[in-house]
Amino acid sequence: MSGDREHRESQVNCGSKGNDSHKHKDKHREHKHKDHKKDRGHERSKHNSEHKEHSEKKHKDKLKHSDGSDKHKDKEKRREDKVKLSHTDKPKKEKENGYVRHSSPGIKSEPEEDNGFHPVSKHKASKRELDDEEFDYKPKKVKTEHDKKEKKRKHEYEEEDEEEEDIKPKKTKDRSAKDGKKNKKEEEEKWKWSCWINWFMNTIASLPSDFSGILTNRRLQARLLVSASSILSRRWEEERYTDGSKWRFLEHKGPVFAPPYEPMPDKVKFFYDGKPMKLSAPAEEVATFFAKMLDHEYTTKDIFRKNFLKDWRKEMTPEEKSKITDLNKCGFSEMSSYFKAQSEARKQMTKEEKQKIKEENERILQEYGFCIMDKHKERIGNFRIEPPGLFRGRGDHPKMGMLKRRIRPQDIIINCSKDSKIPKPPTGTKWKEVRHDNKVTWLASWTENIQGSIKYIMLNPSSRIKGEKDWQKYETARRLKKCVDRIRNQYREDWKSKEMRIRQRAVALYFIDKLALRAGNEKEEGETADTVGCCSLRVEHIKLYPKMDEQEFVVEFDFLGKDSIRYYNKIPVEKRVFKNLQLFLENKQPEDDLFDRLNTSILNKHLQELMDGLTAKVFRTYNASITLQQQLKQLTCGDDSDPAKILSYNRANRAVAILCNHQRAPPKTFEKSMQNLQTKIDDKQSQLSTARKQLKSAKSDYKASHDEKSQKTVELKRKAVQRIEEQLMKLQMQATDREENKQIALGTSKLNYLDPRISVAWSKKYGIPIEKIYNKTQREKFAWAIDMAEKDFEF
DNA sequence: TGTTGCACTTAGCACCGTAGAG
DNA sequence: CTCTACGGTGCTAAGTGCAACA
């Protein structure tokens with residue numbers, strides 16, 4: 001299994017990308033925006049551009065094949081892919097660290113104007129070319145917003161308080177947990193309360209036995225609870241620190257290390273050049289990493305093999321090193337089959353054995369999987385250190401196959417509070433460092449050897465610290481909603497600017513807004529796969545078509561984005577954008593940057609001026625969430641059955657996933673499972689017709705006899721028909737849903753881009769149990785929203 | 001003004017347990 | 001009761017963005 005999925009269309013072939021040349025941002029310095037010569041496309045359209053942008057769209061469209069028509073001559077890099085998604089336009093955005101502002105509940109403000117589609121103004125295109133001069137050039141307003149000054153980001157935390165403030169310390173009792181309704185503030189409090197009560201109970205339970213003995217008296221417990229709660233609740237209220245600190249108290253047990261290497265049994269041999277050879281333990285361990293991946297396709301890739309051999313040799317003894325020089329002569333097959341047998345054996349284990357393992361895991365989880373942060377027991381996200389192995393980058397990664405070394409205690413930095421119990425390193429070892437930095441949220445970190453980046457152990461998404469951040473993120477996106485029109489107007493103005501850098505910035509922002517592209521930070525060449533985002537797009541990634549089919553000014557995007565997922569899309573843009581793009585392309589080579597006067601920091605600096613806390617990412621969040629909200633409004637019909645409503649929800653979700661280009665490899669078993677489902681549907685259909693017949697005959701029996709028994713039969717049959725109808729419909733819904741979902745991944749947008757309050761409100765409004773749209777993990781992550789949002793919540 | 005380091009979010013995939021079909 | 005498809009989960013790579021530094 002394995003193997004194939006990676007070749008999903010997205011992959012590029014290793015092409016050369018190498019050309020280092022880029023970076024000549026400066027060289028093109030001279031472009032005067034004025035002369036727009038170029039019009040490569042012939043006809044200087046005299047027509048008014050009517051942009052029909054978004055025309056098609058509809059959550060339907062999605063995938064199609066790429067035709068691959070003209071390729072660039074440039075680097076041979078060609079992607080083989082075949083499939084791609086063509087999105088419709090629709091913007092989306094994302095956000096992220098936002099600082100919260102008021103979370104005022106309602107805020108409806110704009111009705112819905114923005115579904116992301118910009119008005120596509122009807123500006124008549126008037127003149128040809130960049131008619132810039134026509135419009136008066138305004139210095140752009142930039143500064144305008146008042147908001148900017150009022151809130152400095154430092155106050156981020158204080159600001160959130162607005163919401164909290166009304167939460168008065170409230171009455172102790174947990175009573176709040178019950179009686180419902182209360183406004184959101186109270187709801188939120190309830191959430192906190194349950195949290196801390198939890199913590200309290202846990203603490204009591206963990207007290208030394210002599211102490212907890214005293215506490216067995218329930219009355220005493222209750223009293224303690226009350227008085228402690230009044231103290232602590234105040235503290236909880238203060239928890240929004242204003243000095244940038246993230247916590248006051250942090251205690252944990254440190255990470256769990258990967259199990260030590262267990263040498264192969266002697267009977268399992270490694271062969272070199274056909275002859276058995278005993279390897280030293282370190283060399284053998286690395287060999288097993290390779291053996292385990294043998295049937296994965298990247299063990300056949302040259303770079304992978306080359307990197308592997310190089311790193312492997314570093315682990316060898318001098319003798320081994322001198323002997324083993326050619327990977328092709330290495331025989332890993334015995335090792336490989338040994339591992340296969342082992343995993344088979346694991347599957348064959350008895351229930352009891354499996355149960356035992358499960359219990360052991362649970363024990364470790366209980367011991368190491370939680371920490372105490374500011375009086376709350378919180379789940380840790382990844383408390384296990386990554387085991388050693390071979391690095392598998394995504395896409396065409398230059399470092400694939402390198403050895404990811406084993407992490408030892410002396411590589412780990414522990415972070416916790418001074419007054420906590422410091423975690424103990426395994427016997428005989430020491431931590432690299434123990435620090436007490438409450439300006440960060442991580443509990444432990446280490447430096448990874450492939451890219452030299454730092455890895456962290458942090459809390460689970462259900463934790464307060466992640467939840468609040470998430471909430472802030474959506475609040476920032478909601479603030480953007482309030483000023484997005486102004487921002488859009490501004491960047492449209494900027495398309496006419498006299499300065500190249502302003503124009504580039506404006507066009508890039510337009511893409512980010514309309515197409516939900518990622519920002520596109522610069523990456524170090526040769527260190528990672530060659531992928532791009534908006535600001536790092538190169539000339540070779542877009543093609544301009546003055547006219548295509550019925551549409552004018554079409555831009556075709558074809559590039560690899562994050563995780564080497566291909567982004568392919570053809571969209572009509574406004575004439576002015578088109579002309580600007582032509583201008584940006586002048587005198588450039590395919591591997592030159594499209595936006596040579598722009599990078600993410602310039603762009604974000606600009607965005608920051610437009611709205612406090614605004615960055616490129618916020619657009620993705622904003623557009624994703626607003627799209628969901630609109631689609632839900634549009635697709636959900638109150639009279640539908642529950643499965644139909646859920647299908648609508650999934651469709652709305654899907655529209656967002658398409659917007660954000662969240663793809664997945666079609667499940668390997670897709671065709672088959674689809675077929676199975678179809679068989680079921682057919683069966684169900686015939687069942688239904690049988691049931692109907694039976695009902696009919698029961699009815700006529702009843703008519704004839706009018707006895708009680710036959711009446712009952714009629715009822716029974718009627719129910720049966722109804723039940724089967726429902727089942728059938730459910731199956732059909734399922735089939736549709738699955739088909740539409742073939743290569744779209746809904747999870748990412750659901751988890752990261754869609755304000756959960758929209759979903760919660762929807763589920764309340766239509767009486768769909770929240771469990772139908774969020775599984776347990778998701779409900780935990782979104783607990784804040786589930787408590788907070790009512791059915792009238794508006795993003 | 002560009003570069004680097006750091007912290008934190010976002011991403012797809014592999015694996016595994018289990019519910020439901022047979 | 002066994003098999004298998006599916007969803008959930010864990011894992012960890014790959015982004016973003018800020019700030020310190022050069």
Side-chain angles (χ1 to χ4, degrees), chain A residues 1-6 8 10 23 25 94-98 153 246 296 343 346-347 354 358 361 365 381-387 389 391-395 397 399-400 404 415 437 439-442 445 447-448 450-456 458-461 465-466 469-470 473 518-524 527-529 531-536 560-565 599-605 607-608 613-618 620-621 660-665 667-670 672-674 676-677 679-680 683 734 738 743 745-749 751-753 774-778:
Chain A
M1 34 280 277
S2 39
D4 20 342
R5 44 177 62 317
E6 61 181 13
R8 144 255 245 35
S10 27
K23 253 60 220 183
K25 304 210 129 187
E94 64 185 63
K95 78 27 99 308
E96 181 36 331
N97 20 261
R153 49 148 76 349
K246 307 283 173 51
H296 207 295
S343 90
R346 225 173 301 128
K347 270 186 220 148
K354 284 183 178 167
K358 205 170 160 190
N361 280 336
L365 171 68
N382 54 326
F383 56 91
R384 288 173 198 276
I385 300 285
E386 297 173 17
F391 176 79
R392 316 137 92 117
R394 297 180 191 155
H397 198 115
K399 298 191 173 179
M400 64 169 77
K404 218 169 84 157
N415 193 32
D437 180 359
K439 299 281 193 287
V440 298
T441 66
W442 50 268
S445 70
T447 301
E448 155 270 337
I450 304 288
Q451 313 279 2
S453 64
I454 306 174
K455 300 260 192 170
Y456 302 93
M458 290 183 184
L459 297 192
N460 193 75
I465 205 155
K466 296 282 187 191
K469 199 84 190 295
D470 207 35
K473 168 177 87 180
R518 294 187 183 82
N521 281 318
E522 284 150 81
K523 312 170 53 176
E524 226 170 309
E527 297 290 296
T528 60
T531 62
V532 298
C534 187
C535 296
S536 50
L560 296 184
K562 181 175 177 180
D563 293 324
S564 293
I565 295 292
N599 60 37
T600 52
S601 95
I602 295 173
L603 178 64
N604 282 334
K605 204 168 282 175
L607 292 174
Q608 180 61 36
L614 185 61
T615 63
K617 190 166 165 250
V618 181
R620 242 165 109 87
T621 309
C660 294
N661 200 35
H662 291 143
Q663 296 188 45
R664 63 167 184 172
K668 285 185 282 272
T669 55
F670 186 83
K672 186 151 150 252
S673 84
M674 225 33 215
N676 291 345
L677 196 55
T679 329
K680 275 193 219 165
D683 289 353
Q734 214 182 335
R738 196 181 297 172
Q743 30 189 190
L746 301 186
T748 305
S749 49
L751 238 38
N752 300 303
Y753 291 105
Y774 286 146
N775 66 28
K776 182 155 96 44
T777 316
Q778 293 167 158

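Atom-to-atom, CG of N604(A) to C1' of dG15(C) comes out at 13 Å; the value is rounded to the nearest Å. The NZ atom of K562(A) sits 13 Å away from the P atom of dC13(B) (whole-angstrom rounding). Taking atom NE2 on H296(A) and atom P on dG12(B), their separation rounds to 17 Å, with Å as the unit. Rounded to a whole Å, the NZ atom of K455(A) is 9 Å from the C1' atom of dC11(C). R384(A) has its CZ atom 11 Å from the P atom of dT12(C), to the nearest Å. Atom CG in L560(A) sits roughly 15 Å away from atom C1' in dG12(B) (whole-Å rounding). Summarising the geometry, the separation between CD1 on I385(A) and P on dA13(C) is reported as 13 Å, rounded to the nearest angstrom. Per the geometry, CZ belonging to R394(A) stands 10 Å off C1' belonging to dG15(C), to the nearest Å.
Rounding to the nearest 0.5 Å gives a distance of 7.5 Å between CZ of R518(A) and CG of N661(A). With rounding to the nearest 0.5 Å, the separation of NZ in K399(A) from CD1 in I450(A) is 7.5 Å.
Contact annotation for G381(A): no contact, since no heavy-atom pair falls under 4.0 Å across all strands. No engagement by G747(A) is indicated, since no non-hydrogen atom pair under 4.0 Å with the nucleic acid exists.
Pairing each heavy atom of I565(A) with each of Q663(A), the nearest pair is CG2-NE2, 3.6 Å. Closest of all the heavy-atom pairs between E522(A) and N599(A) is OE2-CB, 3.3 Å. Considering every non-hydrogen atom in both R394(A) and S564(A), the closest pair reads O-OG, 3.7 Å. Scanning all heavy atoms of the two residues, the minimum distance from K354(A) to K347(A) falls at NZ-O, 3.4 Å. Looking at every heavy atom in both residues, T531(A) comes nearest to K523(A) through OG1-NZ, 2.6 Å. Counting all heavy atoms, side chain and backbone alike, L365(A) lies closest to F383(A) at CD1-CE2, 3.6 Å.
Nearer to the 5' terminus of DNA chain C, by closest-nucleotide assignment, is the contact made by F383(A) (compared with the other of A519(A) and F383(A)). DNA chain C is contacted by both G393(A) and N460(A); N460(A) maps to the nucleotide lying nearer its 5′ end (nearest heavy atom per residue). Taking for each of K347(A) and I465(A) the nucleotide of DNA chain B with the nearest heavy atom, the 5'-most of the two is the partner of I465(A).
In terms of modelled atom types and a separation under 3.5 Å, the side chain of D470(A) and the main chain of K466(A) share no donor-acceptor contact.
Among the nucleotides dG17(C), dG12(B), dA14(C), the one closest to any side-chain atom of N521(A) is dG17(C). The side chain of Y753(A) approaches dT10(B) more closely than any other nucleotide in the set dG17(C), dT12(C), dT10(B). Distances were taken from every side-chain heavy atom of K523(A) (C-beta onward) to each of dC18(C), dG12(B), dG15(C); the shortest belongs to dG15(C). Distances were taken from every side-chain heavy atom of E386(A) (C-beta onward) to each of dT12(C), dC16(B), dT16(C); the shortest belongs to dT12(C). Residue T615(A) has its side chain nearest to dC18(C) when only dT12(C), dC18(C), dG12(B) are considered. Candidate nucleotides dT16(C), dT12(C), dG12(B) were compared by shortest atom distance to the side chain of P387(A), and dT12(C) ranks first. Taking every side-chain heavy atom of N752(A) into account, dT10(B) is the closest of dA13(C), dT10(B), dT9(B).
H397(A) and F391(A) have perpendicular rings, their planes meeting at more than 60° on a 0 to 90° scale where under 30° would count as parallel.
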Where do N or O atoms of nucleotides 1-7 of chain B meet protein N or O atoms at under 3.5 Å, pair by pair?
| from | atom 1 | to | atom 2 | distance (Å) |
| --- | --- | --- | --- | --- |
| dA7(B) | OP2 | Y456(A) | OH | 2.7 |
| dA7(B) | O5' | Y456(A) | OH | 3.4 |

What are the atom names and distances for every N/O pair under 3.5 Å that joins the protein to nucleotides 4-8 of chain C?
| from | atom 1 | to | atom 2 | distance (Å) |
| --- | --- | --- | --- | --- |
| dA5(C) | OP1 | K672(A) | NZ | 2.8 |
| dC6(C) | OP1 | S673(A) | OG | 2.7 |
| dC6(C) | OP1 | R738(A) | NH1 | 2.8 |
| dG8(C) | O5' | N775(A) | ND2 | 3.4 |

List, with names and distances, any nitrogen or oxygen atoms from the protein found under 3.5 Å away from nitrogen or oxygen atoms belonging to nucleotides 18-22 of chain B.
none

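Evaluation of atom-type donor-acceptor distances gives no pair under 3.5 Å for the side chain of K466(A) against the base of dT9(B).
Residue R518(A) places at least one side-chain N or O closer than 4.0 Å to OP1 or OP2 of dA11(B). Residue H662(A) has a polar side-chain atom (N or O) positioned under 4.0 Å from OP1 or OP2 of dA11(B). Residue T531(A) places at least one side-chain N or O closer than 4.0 Å to OP1 or OP2 of dG15(C).
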request  = List the steps and the verdict of side chain to side chain contact (heavy atoms under 4.5 Å, CB included) for M458(A) and I465(A).
outcome  = CA-CA 10 Å; M458(A) 290 183 184; I465(A) 205 155; over 6 Å; no

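Contact of the E448(A) side chain with the E386(A) side chain is not registered, since no non-hydrogen atoms from C-beta on lie closer than 4.5 Å.
When T600(A), N604(A), I602(A) are each tested for a side chain to side chain contact (heavy atoms under 4.5 Å, CB included) with C535(A), only one passes: T600(A).
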